[in-house]
Amino acid sequence: MLDIQLFRENPDLVRQSLVRRHQDASAVDEVIKLDEKRRALLQQAESLRAEKNQASKAIGKTKEPDQRQEQIAAMQALGDQQDSLETELKELEPVLKALLGTFPNLVDDRVPEGLDDSENQVIKTVGEKPLFDFEPKAHWDLGPELGILDFERGTKLSGTRFYILNGLGARLQRALISFMLDTHTKNGYQERYTPFMVKEDIVYASGQLPKFADNLYHDHEEDFWWVPTAEVSLTGLHKDEILEENDLPISYTAYTPCFRREKVSAGREVRGIKRGHQFDKVEMYIYCHPDDSENQYQRMLADAEGICSKLNLPYRVNNLCTGDLGFAASYTADLDVWAAGCGEWLEVSSISNTRDFQARRAAIRYRPKEGKGTRFVHTLNGSGLALPRVMIAVLENNQQKDGSVIIPEVLRPWMGGVEVIEPDTN
RNA sequence: GGAGGGAUGGCCGAGUGGACGAAGGCGGCUGUCUUGAAAACAGCUGUGGGUGCAAGCCCACCGGGGGUUCGAAUCCCUCUCCCUCCGCCA
């Protein structure tokens, strides 16, 4: 949510940001108009109410019955006037609030100009792509041949885009989750296990609603929304809270499955386990002081990169361009890992500074050590990392000519000592 | 799922129609006293919004929403959550 003050004091800033996102800016004027109307109504309604409050107090003090009746009659007339004003206000306020909630975050000046993901800028590439003296297989061949990946039965259970992990495949995923959680915990993130189904206002707070309702799963009977990312739960964690400045920054990590209604048509683009309706992810999330959010962003980016490095996966860091930037983000970097079999860079993480955008939506503030009142915290989120695509890269990059896959060394403590996944032992 | 009882400020807890944004206590902050600390005493101690250069003034908020009334923490309706007992269940 953007600050309504921005629309009053610097509407051009909002317009320019929308233009940079290649979005229509006409609703800015609508907000200004509604806000002016709201304030005019509010002032009228409040002064009437003040008058009434005063008169009511006077009635309470009046002992003489006739005089009392007179005063009450006068107040009844005032009441009708007030009713109509307040009815109008009550209709207007949700409209204004809903409209304000549709504006995406302000784009940071540093975000490069661009229409879509093809114009994202690669900042750096780290690690060497593995070389093979044979033709490396894609995971959709490699996995089934190893017996760790079963597409047919996944489809039988749940339809297209679902799969079963068998034996060491399932174990590898579990090892990756534990490895990531343990690594982040060592880096100062507190682990949280959160609900995977949350209430509507929680999804709204992180910015996935109302705009992306089409991509979410929703139980209509119970008002439950399946989380599309742990970012939703981790934003909701401190909703409507006032934090102490001394406690900041607060860093969390959480493992959750993620549920998304992907409306992409079937085809090569979605072959394998790259994109599904359900996938696992370890998330990082930070609440911090506004002056600290750039530092925390660098920290989070480094922590996400650290996972890639430890797994020995070649990766690159992309600066998202204005056209690809998410709704709640002011700036974002994506991490792609190289998958040698399918020959693709796979997006495994997205690290964003939302500044006070989510905090404002979720009403998450802190009490400054000095000065009065409260201020909104800054929040950052980043995958650390998304599991299926990391699995793809681990499998494809570490495959050998005989079809076996060597387990990266850092994962072996969680693999019960298994060093190699051999064909047909699963 | 059934029956009953609850929800008040950072915390505990009083308040059943008018002087209540809310007693009292605890905690916290400031001051006096003290070499310092403790104790004692005094004062202060919520959030959001409108308006104003500011001091301030005004409005709202006693779990959420709606209603009755000139006036609601207090009465009525409704929802949510919590507790106790029964049932069911991993």
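Residue numbering restarts at 1 for every chain, and letters A, B, ... go by the order of the sequence lines. Note that this is a predicted model, so its numbers are computed, not measured.
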Whole-angstrom distance between [N] and [M], as gauged at atom [atom1]:
N: B:A72; M: B:G65; atom1: C1'; result: 16 Å
N: B:A23; M: B:G9; atom1: C1'; result: 13 Å
N: B:A90; M: B:C81; atom1: P; result: 23 Å
N: B:A73; M: B:G18; atom1: C1'; result: 13 Å
N: B:C88; M: B:U47; atom1: C1'; result: 43 Å
N: B:U68; M: B:C76; atom1: C1'; result: 7 Å
N: B:C79; M: B:C61; atom1: P; result: 23 Å
N: B:U69; M: B:A14; atom1: P; result: 32 Å

Tell me every residue that passes salt bridge (Lys or Arg N to Asp or Glu O under 4.0 Å) with A:R389, counting only those two or more places apart in sequence or in another chain. none
Got a sec, which residues hit salt bridge (Lys or Arg N to Asp or Glu O under 4.0 Å) with A:E145, two or more places apart in sequence or on another chain? A:K137
If we call it a pair only when both distances are under 3.5 Å in a Watson-Crick or G-U wobble match, what pairs with [N]?
N: B:C41; value: B:G31
N: B:U69; value: none
N: B:C20; value: none
N: B:U51; value: B:G56
N: B:C81; value: B:G6

What is the distance, to the nearest angstrom, from the [atom1] atom on [X] to the [atom2] atom on [N]?
X: A:I202; N: B:U80; atom1: CD1; atom2: P; value: 17 Å
X: A:K90; N: B:G67; atom1: NZ; atom2: C1'; value: 10 Å
X: A:L41; N: B:A60; atom1: CG; atom2: P; value: 17 Å
X: A:E70; N: B:G71; atom1: CD; atom2: C1'; value: 18 Å
X: A:Q76; N: B:U69; atom1: CD; atom2: C1'; value: 9 Å
X: A:K52; N: B:U69; atom1: NZ; atom2: C1'; value: 9 Å
X: A:R68; N: B:G17; atom1: CZ; atom2: P; value: 14 Å
X: A:I72; N: B:C70; atom1: CD1; atom2: C1'; value: 5 Å

Between A:Q71 and B:C70, does any side-chain N or O lie under 4.0 Å from OP1 or OP2? no
Does a side-chain N or O of A:K57 approach OP1 or OP2 of B:G71 to a distance below 4.0 Å, or not? no
Do A:H238 and A:Y252 make the cut of ring centroids closer than 6.0 angstrom? yes
With side-chain contact (heavy atoms from CB on, under 4.5 Å) as the test, pick out the partner of A:L313 among A:I307, A:V348, A:V390. A:V390
Looking at A:D108, I want to see if its CG is surrounded by more than 12 non-hydrogen atoms of other residues, nucleotides or ligands under 6.0 Å. yes
Does the protein touch nucleotides 46-59 of chain B at the base, only the backbone, or not at all? Give it as B, S and - per nucleotide, heavy atoms under 4.0 Å. SSSBSS------SB
Flag, side chain of A:N166 to backbone of A:G147, donor-acceptor distance under 3.5 Å: yes
The test is side-chain hydrogen bond (donor to acceptor under 3.5 Å, both in side chains); show your working for A:S251 and A:R299 and say whether it passes. CA-CA 11 Å; A:S251 314; A:R299 168 192 171 208; 2.9 Å; yes
If only side-chain N and O atoms count, and only distance matters, is there a donor-acceptor pair under 3.5 Å linking A:Y366 with A:R375? yes
